[in-house]
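What follows is one structure encoded as structure tokens, with my remarks underneath.
Order of the sequence lines fixes the chain letters, A, B, ..., with proteins taken first and strands second; residue numbering starts at 1 for each chain. Only heavy atoms go into these numbers, but all of them, side chains included; no hydrogens, no water, no symmetry mates.
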Number of protein chains: 2
Amino acid sequence: MVRRRERVRPTREQTSERILEGAAASFAERGFHGATIDDIAARAGLTRGAFHSSFGSKEDLFLALYDLMSARLRDRLSAALEQVTVASGSLEAALREFSRGQLERDWYLLSTEFNLYAVRQPSVAQRLATHHRALREALISIVEESLARHGRRLTADRDKVSRLLLAIHDGNQVQSLMEPDTLDAGDLTATFAGALMHSVSAENAPATQSRAGTD
Amino acid sequence: MVRRRERVRPTREQTSERILEGAAASFAERGFHGATIDDIAARAGLTRGAFHSSFGSKEDLFLALYDLMSARLRDRLSAALEQVTVASGSLEAALREFSRGQLERDWYLLSTEFNLYAVRQPSVAQRLATHHRALREALISIVEESLARHGRRLTADRDKVSRLLLAIHDGNQVQSLMEPDTLDAGDLTATFAGALMHSVSAENAPATQSRAGTD
DNA sequence: GACATTCAATACGCATTTGCATTGAAATGG
DNA sequence: CCATTTCAATGCAAATGCGTATTGAATGTC
């Protein structure tokens, strides 16, 4: 494994990564159909030839990009929620933290493109749905942990609560992007997360337990 | 104003409407960039020539379509909420009703295209934001009315509550479209609307009033 | 060090989409 | 009725984007 010379030509992996970066930017700015292979390659400082030797078609690239972004999102969520368990930070703070992040706008644009693509093409929808399930599971398990530390437990359906939280997060993101001046991202989530969690949980007292909203 | 013959040629307005309908279908199915003028015209049973004599460009058409759909949405919301005040129906039922509607999928696809377009083009964002404000205002005023009939009033910020409701509605819609088999549209909204409204309001008793979440 | 392989750039042809200019039919007005 | 105007269809030219085949340089293999 002695390197004889400085490597001049980038590895296949490196070019793929650069193309993926260019694709993220192009898809975010122009949408799936609006983005051209030319533009994507140009953003990566390459040509269409480079693209075609790494990816078969724009669709392939798009799906590869989805996998990449999914992994990143999962990492971001994990990191944010980690703080909840470790530093005994509040769930609200974690969710707010998760909502920020400098990539917000691009992430919204990209993930929305993914969603549209999935809704229009059922086969992709399954792939996306599976990933979303995993995200919700990670989220809700941390929520339960957080509640437990306050001597409470969920009374409403696990799955629905996780969907509710994600819905609020997503909806808030859209609105904050639509009115960037008047609305602060993460605001809505942080404002209501406490009250929400309270309304879907109960004290852990082993006395009578009133069922509320359990399917 | 005596009609001498049966009118053979459709009026300009009629062709415009047909093109708008075709545009709605095409934009929903293929997205803004994906939709071609050819396809739009074909769906309306016309050719590109007809398009060009009614609209200047695809963008013009898109914005005109937005205005049309906005008006329809407002009407739909009004109709759904009307029932709350008139028949003393529950807010949950009205929201669920609003979430259903056979156009759901297409409406999601279209409105998402509008949102994307707006986020990418600030000048359009303002136009869209103004319309959203009006919608939220209509929604929240009905919510307040509904609460009042139960002897309650809002304690949290009006605007934020309306944003919350819309966020939940939108987020739920996305999720239900992503997993059409496992999730029923309107379910999430209906499940939590009651609990939510309870957590952001208080009884109208003229005693001490604890402020909660008021910005 | 010669040879095979990898990989990105270039060049080419093909298909698609668009805008404009022209044309013909249908309405309108005198 | 005839003349004018309106409006959508058609034909044409230009632009854009894609995929493949080919080329040449960098890499690794024997």
For this session: Output every pair passing salt bridge (charged side-chain N to carboxylate O under 4.0 Å, His left out) with a member in residues 47-57 of chain A, not counting sequence neighbours, ordered by first then second residue.
Result: D38(A)-R48(A)
Seminar exercise, completed: Residue set satisfying side-chain hydrogen bond (donor to acceptor under 3.5 Å, both in side chains) with S54(B), at least two apart, ordered chain then number -> none
Problem set entry | S201(A): partners by side-chain hydrogen bond (donor to acceptor under 3.5 Å, both in side chains), with sequence neighbours left out | R152(A)
Problem set entry | Qualifying residues under side chain to side chain contact (heavy atoms under 4.5 Å, CB included), relative to V174(B), sequence neighbours excluded | N115(A), Y108(B), M178(B)
Problem set entry | With sequence neighbours excluded, residues passing side chain to side chain contact (heavy atoms under 4.5 Å, CB included) with E21(A) | none
Exercise. Atom CD in Q173(A), atom CG in L166(A): separation rounded to 0.5 Å?
Worked result: 11.0 Å
Exercise. Rounded to whole angstroms, how far apart are CG on L46(A) and P on dC7(C)?
Worked result: 13 Å
For this session: Give me the residues of residues 30-45 of chain B where at least one heavy atom lies under 4.0 Å from an atom of DNA chain C, by number, or none.
Result: T36(B), I37(B), D38(B)
N/O donor-acceptor pairs under 3.5 Å from side chains in residues 123-130 of chain A, not counting sequence neighbours:
{"from": "R127(A)", "atom 1": "NH2", "to": "D67(A)", "atom 2": "OD1", "distance (Å)": "3.4"}
{"from": "R127(A)", "atom 1": "NH2", "to": "D67(A)", "atom 2": "OD2", "distance (Å)": "2.7"}
{"from": "T130(A)", "atom 1": "OG1", "to": "Q126(A)", "atom 2": "O", "distance (Å)": "3.0"}

Exercise. Can you name the side chain to side chain contact (heavy atoms under 4.5 Å, CB included) partners of E17(B), sequence neighbours left out?
Worked result: E13(B)
Exercise. Is T15(B) near enough to dA8(D) that one of its side-chain N or O atoms lies under 4.0 angstrom from OP1 or OP2?
Worked result: yes
Exercise. Taking atom C1' of dA27(C) as reference, at what distance in whole Å does atom CD of E13(B) sit?
Worked result: 17 Å
For this session: Measure the distance from CD on E59(A) to C1' on dG19(D) and round it to the nearest whole Å.
Result: 14 Å
Exercise. In residues 48-57 of chain B, which residues come under 4.0 Å of DNA chain C by heavy atom?
Worked result: R48(B), H52(B)
